[in-house]
Amino acid sequence: MILGKYSFGIGDRFSHQGKPQLAALIKAKEQGLDITPVWNKSHREHTIIGTTHADTRKEADDAVAALGWTGPYLVDADHIGLNNVDEFIEFSDFFTLDVADYIGKKADEDDVKSFVQKHKKYIGKLSIDGIDETLNISEEQIASIADKSLVAVQQAGGIYRHIAEAKGADNFITEVSMDETDQPQTPVEMLFILAAIASEEIPAQTIAPKFTGRFNKGVDYVGDIKCFAKEFEEDVAVVAFAVEEFGLPENLKLSIHSGSDKFSIYSPIAGIIKKFDAGLHIKTAGTTWLEELIGLALGGGDGLSLAKQVYAEALSRMDELCGPYRSVIDIDRAKLPDPQEVDKWDGERFASALRHDQSCEYYNNDLRQLLHVAYKVAAEMGTRFYDALDKYEDIIAQNVTENIYERHIRPLFLK
Ligand SMILES: [Zn+2]
């Protein structure tokens, strides 16, 4: 299976918005832009919500059938490891192998030696098309990168082979992700990690590095935009070089995790992928759930009450809800409104605090992050929440489609 040049990871916590999500990609197609939809969900999300990957598969198949989508589409087993991949195998054709936990684990000395031996020709000055300065690579540097990353890549190899055995190697797409780690990978590290991926014979079509700066869930990028742009451009150049040099799949491209809402870096990303004629996989941070809340609030009545209740409860359980997401959110408690104040809001006021429109005076970055992790509260409401999703389906759908198309696809691919 070959992944198209542009693909969009549409995570959907409650598996209810497949159709309006796909509608955004249909709008893109009407503009002549082919983007492959990829419905992604992780073990963690399934566990918190009480869904399985069969639900995600059904959501994708149903949306595609209902809207008559004839292009390719995929279902992503997001951030899986050997311990949980089996529950995904039947339902997925895209696997995000998460080996971040293995980065930094000391590699076998002989493995490091033979890796260095195999890549000796890169020692010294190396120039890569698209990177201004010549890279200076030392033997120690290669050894140190190998020492830090070989175990992780070997682990990815193990997961890949396990899936290939069960599904057949041609029946799925492989992503290697290293984003959930502390340190960003430098372009030189990327180069040798890709070399290791090739040696391990993993036909990765996307790779998700950890980039410099903060990729908090559902909100804008925090960091030095120029630094990010330089690193991103070098990564794109390294990927192109690695494809040629190591014989990795020709369509190998970068994957940006928690890529939704990073509005301030969309323009540099768009410019760089255009300049290199590179592909891109962008994974959203499950923010469709926030559009559900916006739709409920705008719907008024019991929809609005439910949205307010989710907020009040999220605030009282903040530590618990933020726990699993500690490294990818930054909430300033002082900026969170009091539930009594929120109670006085009408639907439009609630929606404008939550909707990611930085030009709006009511937009509240902290409230948005808190509600992002509050999907557990809605999951616990069970049928009451699901019934509300059905009751306010139209207004929710409008917001889901508009968010993906106007705020994401347009600035990234159509400007
Ligand atoms: Zn990720």
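Remember, it's 1-based here, ligands and their atoms both numbered in the order they're listed. As a basis for the values below, the full set of heavy atoms in this structure was taken, side chains included, without hydrogen atoms, waters or symmetry mates.
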Is [X] salt-bridged to [Y], going by a charged N under 4.0 Å from an acidic O?
X	Y	answer
R407	E291	yes
D12	K41	no
E189	K210	no

- Write down the atom of E59, the atom of Q17, and the distance for their closest heavy-atom approach. OE2-N, 3.5 Å
- Message: Going by ring pair (Phe, Tyr, Trp, His ring centres under 6.0 Å), name the pairs with one or both residues in residues 139-171, residues two or more places apart or in two chains.
- Response: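 Of all non-adjacent pairs touching residues 139-171, those that pass ring pair (Phe, Tyr, Trp, His ring centres under 6.0 Å) are Y160-F172.
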- Task: Using 2.8 Å as the cut-off, note every protein N, O or S atom close to the Zn ion (ligand 1).
- Result: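 Correct list: H79 NE2, D179 OD2, H257 ND1.
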- Message: Here's one to test your reading of the geometry: is the NZ or CZ of R349 within 45 degrees of the ring axis of Y362 and under 6.0 Å from its centre?
- Response: yes
